[in-house]
Amino acid sequence: MKLHYCFAASFCLLALSGCQSGSLQASAAPAVQSTAAAETPAAQQTDTAVQSEHESASQTSIDLKGLTDLVGKSDSEVTAVLGQGEEMRNDEGMLLSRDYTLPLLEEDASVSLSFNLYQEGDNRMEQAVVNLGQSDLNSYAQTLTQIFGDPTESYETSYFFSSGDKTLVLADPYGDGAYIEISVNE
């Protein structure tokens, strides 16, 4: 409430400074500075709230199976489970992606969720990419086999798994770190 009064008082002082002589303008400058100082804590509080929300999403208890189940769900369903994350929108305001750091497969994995790839304006998560820290593809393949069963296909640097109407691709094509791509079957 105090912040509201500070904004109202500084607005009045600014309005008066525009109408009055130069001596009053000099006295309005400290008010503008105090308003800027008052705005800084509010901005910091907002940043802190966003950061804590991002951190709480990072500490979610979701596992890889739960993340797989979220693919194909609406943005509101995704954010209800994971929080807001770090979002990216295009110039028209359409949601393109949300990024998270989630504890998956016993490590903090960088996760990027893609929206509106095929159904523009639908705000459905259509793909999730989990960037893993290690490049030991075989150990990841064993873990995914325990969760989703035997791979439906495998090649030198990739394994394909199925979970209901979703396909998971575990790959490390360049030997620089494995990733898992989860998408809805078309």
Q. Any side-chain heavy atom of Glu86 within less than 4.5 Å of one from Arg98?
A. no
Q. Taking the side chain as C-beta and beyond, is there a heavy-atom pair between Leu105 and Leu132 under 4.5 Å?
A. yes
(Q) Looking at every non-hydrogen atom in both residues, tell me the closest pair between Leu170 and Ala141 and how far apart they are. (A) CD2-N, 3.4 Å
Q) Run the side-chain hydrogen bond (donor to acceptor under 3.5 Å, both in side chains) check on Tyr159 and Asp172 step by step: do they pass? A) CA-CA 10 Å; Tyr159 296 86; Asp172 186 7; over 6 Å; no
Q) Does some side-chain heavy atom of Thr101 sit less than 4.5 Å from a side-chain heavy atom of Val111? A) no
Q: Give a yes or no on whether a salt bridge exists between Asp63 and Lys65, defined as a side-chain N under 4.0 angstrom from a carboxylate O.
A: no
Q: Determine yes or no for a side-chain-to-main-chain donor-acceptor pair under 3.5 angstrom, with Asn90 supplying the side chain and Glu92 the backbone.
A: yes
Q) Any idea which heavy atoms bring Leu104 and Ile62 closest together, and the distance? A) CD2-O, 3.7 Å
Q) Should we count CE of Met94 as having more than 12 external heavy atoms under 6.0 Å? A) yes
(Q) Over 60° means perpendicular and under 30° means parallel, so tell me whether Phe148 and Phe161 are parallel, tilted or perpendicular. (A) tilted
Q: Ignoring hydrogens and angles, tell me if any N or O in the side chain of Thr143 forms a donor-acceptor pair with the backbone of Ser139 under 3.5 Å.
A: yes
Q: May I ask you to test the Val169-Ile180 pair for a side-chain heavy-atom distance under 4.5 Å?
A: no
Q: Examine distances only and state if a side-chain atom of Asp150 and a backbone atom of Thr145 form a donor-acceptor pair shorter than 3.5 Å.
A: no
Q) Are side-chain heavy atoms of Ser112 and Tyr179 found at a separation under 4.5 Å? A) no
Q: Using a 4.5 Å cut-off on heavy atoms from C-beta on, say whether the side chain of Val129 contacts that of Ile182.
A: no
Q. Does some side-chain heavy atom of Met125 sit less than 4.5 Å from a side-chain heavy atom of Leu70?
A. yes
Q. Is a salt bridge present between Lys166 and Asp69, judged by a nitrogen-to-oxygen distance below 4.0 Å?
A. no
Q: Side-chain contact test, heavy atoms from C-beta onward, threshold under 4.5 Å: evaluate it for Thr152 versus Ser162 and give yes or no.
A: yes
(Q) Surrounding CD of Glu156 (heavy atoms of other residues, nucleotides or ligands, distance under 6.0 Å), is the total greater than 12? (A) no
